[in-house]
A.B. asks: 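Can you read through this structure? Questions will come right after.
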Amino acid sequence: MEEQGSMNPPDSSSVEESNRSSGRGVLTSWILPFLGFLALLGAAILQPEFSSSTGPESFIPLAIGLAGAFLIAAAGKPFQSAPRIGPRTKVALISIVVALCTFISIHAGMNYDGGGRPLDFDCYASAWRTAAAGCNPYSPEDTSRFSSLSESKPYPYIYSPAFLLLFEPMRFLSLEQMSLLWTTILAVSGWLALVFTARPLPSEGRMRFLLASIPLLLVGGPIVQALRWGNTTPFIALFIVLMIRNINGLKAGFFGAAVILQKLIYAFPIAALRTRRAFVGMLLAYTVGIVVSSAVYEPQIWLRYIESLSDFAVQSGYGMANNLSLMATSSRIVNYSISDAIFERIRDDIDARMAFDLMGKRFGMTVCAVLSMFFLCCVMIVIVLKRNRARLTNRHIAAILSMMIPVFAPVSWNHYGILVLPFTAFFIMGGTVGIRMSAVMPLVVWVLAPVPLRESMMIELYDIVAGAVRPAVCMLCTLAVLCQRKSGEMTGETAGLH
């Protein structure tokens, strides 16, 4: 009785404080992340409605998306009180989610062109049929003879001969069946890239990453855009993610070589490979790819590929509408600076316009080189001054370099945004709201920002802003995460990153 009497009831103020803290926990752990998820999903749904606009209203989806990203970045540990599930249940749920997302993406991405098939897929299939017939897949005349397009020529094939080997298992399928299978493989690859990116993250970082990335990729983001064209960027993202996960092992070299054997411009993350085992794996994969493709197709096919690289570099239209690279931004700045008087004088002179376009392209490349060197110098200065080089692991460097692919590639489309996923995943675990926001912003901006709609001499200020916002945000956010002073601030928890 004395013991019971000695147990005092809880003070009313402590109960009130407990209820208040519990309410704040529900707000920050459940309501804010859920609202952020809904805001990002709504912005992704609205974005196509504003894609044809050239006024300030085209930035409305981006503003909504940034607000949603801030709610996710500023929230406490998202869904921290949710019940834990077993490993088998987790695998089942992941499989169901991937299958559902794949179905939704395929349904949204079935925007057929070119005789019922995506145009990029037709380019790959035409090149494969050309090479299988013993002709030159890098010759527009040869590929046009094997193309199914009736009204226009296929796009020039700019991938390596080893990439054509992916179509050999589909040899006995019709083009329609190949197209459907190709689209399904791309969709599965894109969502597996998301799963493998999120899997090793600590629970808090994983939940923030999924809340921010799934709504941006589900409706009209990079995966859906890649499916509409039949482009290989989901493949590239999956190989880069697998390379980062096995950054010091033999598998990293295999996956790194698989990236380069598709297109050379994707080689940026390979610079993060530092171990002998990784380089041995990459050398073995290179050798196998070159030998097998040379045996299956004509022996001179790799020489033809090397010769085509210079032609592609010269013929690339850096100032094309919808091109989102830093090179395209530089070209637009040059074209916008041309006075109307000069344009009027060369309007009807074809030779003068060709010479002026060539001069503008060279000047644009110079502007791009200057901006690139300035950015790299800023990165080096920040690393030296902050002395945080030891806090950047090879995985972090590879994630940053992956995001630099769409920035520094000569031609960069909106489906290249899937290559930003590793950067968002690794730095969204940061210990401050600023770092987490810097991690999410490149993905949000790449998916939701408007695209430039005019090219050449018709460039206006809107096109420069719309084209420059993506490379500018990517570079500034890179500097932002590198500028953090404390070791734990930049990457937060890293225990789960094996």
A.B. asks: With a 4.5 Å limit on heavy-atom distance, are the side chains of Leu194 and Leu421 in contact?
C.D. replies: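 Yes - at least one pair of side-chain heavy atoms lies under 4.5 Å apart.
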
A.B. asks: Write down the atom of Ser293, the atom of Trp302, and the distance for their closest heavy-atom approach.
C.D. replies: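 Heavy-atom minimum between the residues: OG-NE1, 2.8 Å.
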
A.B. asks: Quick one: are Pro442 and Arg470 in side-chain contact, heavy atoms under 4.5 Å?
C.D. replies: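 Heavy-atom side-chain distance check fails, nothing below 4.5 Å.
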
A.B. asks: Keeping the roles fixed (side chain from Arg332, backbone from Ile464), state whether a donor-acceptor pair exists under 3.5 Å.
C.D. replies: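 Such a contact is absent between Arg332 side chain and Ile464 backbone.
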
A.B. asks: Between the side chains of Tyr138 and Tyr157, is a donor N or O closer than 3.5 angstrom to an acceptor N or O?
C.D. replies: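 No - no donor-acceptor pair under 3.5 Å links their side chains.
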
A.B. asks: Is there side-chain contact between Ile240 and Tyr266, with heavy atoms separated by less than 4.5 Å?
C.D. replies: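 No. Closest side-chain heavy atoms not under 4.5 Å.
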
A.B. asks: Specify the closest pair of heavy atoms between Leu173 and Met178, including all atoms of both residues, with the distance to one decimal.
C.D. replies: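 Taking Leu173 first and Met178 second, the nearest heavy atoms are CB-CG, 3.7 Å.
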
A.B. asks: Does Thr184 reach the main-chain N or O of Leu180 with its side chain, forming a donor-acceptor pair under 3.5 Å?
C.D. replies: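 Indeed, once roles are kept as given, a pair shorter than 3.5 Å links the two residues.
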
A.B. asks: Tell me if a side-chain donor or acceptor on Gln177 pairs with a main-chain N or O of Ser174 at a distance below 3.5 Å.
C.D. replies: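 At least one qualifying donor-acceptor pair exists.
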
A.B. asks: Quick one: are the ring centres of Phe163 and Tyr124 less than 6.0 Å apart?
C.D. replies: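 That pair passes the under 6.0 Å test.
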
A.B. asks: Are any non-hydrogen side-chain atoms of Phe408 and Met327 less than 4.5 angstrom apart?
C.D. replies: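 With C-beta onward as the side chain, the pair stays apart.
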
A.B. asks: Is there side-chain contact between Tyr305 and Ile158, with at least one heavy-atom pair below 4.5 Å?
C.D. replies: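 Of all side-chain heavy-atom pairs linking Ile158 with Tyr305, none is under 4.5 Å.
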
A.B. asks: Less than 6.0 angstrom separating the ring centers of Trp182 and Phe235, yes or no?
C.D. replies: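 Yes, the ring of Trp182 comes within the 6.0 Å limit of the ring of Phe235, centre to centre.
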
A.B. asks: Search all heavy atoms of Leu210 against all heavy atoms of Ala198 and return the closest pair with its distance.
C.D. replies: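 That closest heavy-atom pairing would be CD2-CB, 3.8 Å.
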
A.B. asks: Treating Asn246 as the side-chain partner and Lys251 as the backbone partner, does any N or O pair qualify as donor plus acceptor under 3.5 Å?
C.D. replies: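 Pair absent, no side-chain N/O of Asn246 close to backbone of Lys251.
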
A.B. asks: Please table the atom pairs, donor to acceptor, closer than 3.5 Å between any side-chain atom in residues 275-286 and protein atoms at least two apart or in another chain.
C.D. replies:
{"residue": "Thr275", "atom": "OG1", "partner": "Asn248", "partner atom": "O", "Å": "3.1"}
{"residue": "Thr275", "atom": "OG1", "partner": "Ala278", "partner atom": "N", "Å": "3.3"}

A.B. asks: Does any non-hydrogen side-chain atom of Met403 lie less than 4.5 Å from one of Thr424?
C.D. replies: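 No, every pair of side-chain atoms sits at 4.5 Å or beyond.
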
A.B. asks: Is a donor from one side chain sitting under 3.5 angstrom from an acceptor on the other, for Asp120 and Asn231?
C.D. replies: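 A pair is found: one side chain offers a donor N or O, the other an acceptor, under 3.5 Å apart.
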
A.B. asks: For the aromatic rings, using the six-membered ring if either is Trp, is the centroid distance between Phe423 and His396 under 6.0 Å?
C.D. replies: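 Judged by ring-centre distance (under 6.0 Å), Phe423 and His396 do not meet the cut-off.
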
A.B. asks: When you measure from the side chain of Ser412 to the backbone N and O of Pro406, does any donor-acceptor pair fall under 3.5 Å?
C.D. replies: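 Yes, Ser412 side chain to Pro406 backbone: donor-acceptor pair under 3.5 Å.
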
A.B. asks: Of all the heavy-atom pairs spanning Ala127 and Thr143, show the shortest one and how long it is.
C.D. replies: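 It is CA-CG2, 4.3 Å.
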
A.B. asks: Check whether any side-chain heavy atom of Pro422 sits under 4.5 Å from a side-chain heavy atom of Phe427, and report yes or no.
C.D. replies: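 No; the side chains remain at least 4.5 Å from each other.
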
A.B. asks: Between Ser139 and Asn136 (side chain of the first, backbone of the second, donor and acceptor by atom type, cut-off under 3.5 Å), is there such a pair?
C.D. replies: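 No; zero donor-acceptor contacts below 3.5 Å.
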
A.B. asks: For residues Leu227 and Ala187, report the shortest heavy-atom separation together with the two atoms involved.
C.D. replies: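 Smallest heavy-atom distance, with atoms named: CD2-N, 3.6 Å.
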
A.B. asks: Counting distance only, does the side-chain N/O of Ser402 pair as donor-acceptor with the main-chain N or O of Ala398 below 3.5 Å?
C.D. replies: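 No; zero donor-acceptor contacts below 3.5 Å.
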
A.B. asks: For the backbone of Ala409 and the side chain of Ser325, can you confirm whether one donor and one acceptor N or O come within less than 3.5 Å of each other?
C.D. replies: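 Here the side-chain-to-backbone pair exists.
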
A.B. asks: Which salt bridge (charged side-chain N to carboxylate O under 4.0 Å, His left out) pairs, counting each pair once, include a residue from residues 160-171, with sequence neighbours left out?
C.D. replies: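 Applying salt bridge (charged side-chain N to carboxylate O under 4.0 Å, His left out) to every pair that reaches into residues 160-171, excluding sequence neighbours, yields Glu168-Arg171.
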
A.B. asks: Side-chain contact, heavy-atom cut-off 4.5 Å: Asn414 with Pro222?
C.D. replies: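 A side-chain contact is absent here, since even the closest heavy-atom pair is not under 4.5 Å.
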
A.B. asks: Between Arg436 (side chain only) and Ile428 (backbone N and O only), is there a donor and an acceptor less than 3.5 Å apart?
C.D. replies: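 A pair under 3.5 Å: no.
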
A.B. asks: Taking all non-hydrogen atoms of both residues, which atom of Leu401 and which atom of Ala271 are closest, and how far apart?
C.D. replies: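 Between these two residues, the closest heavy atoms are CD1-CB, 3.8 Å.
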
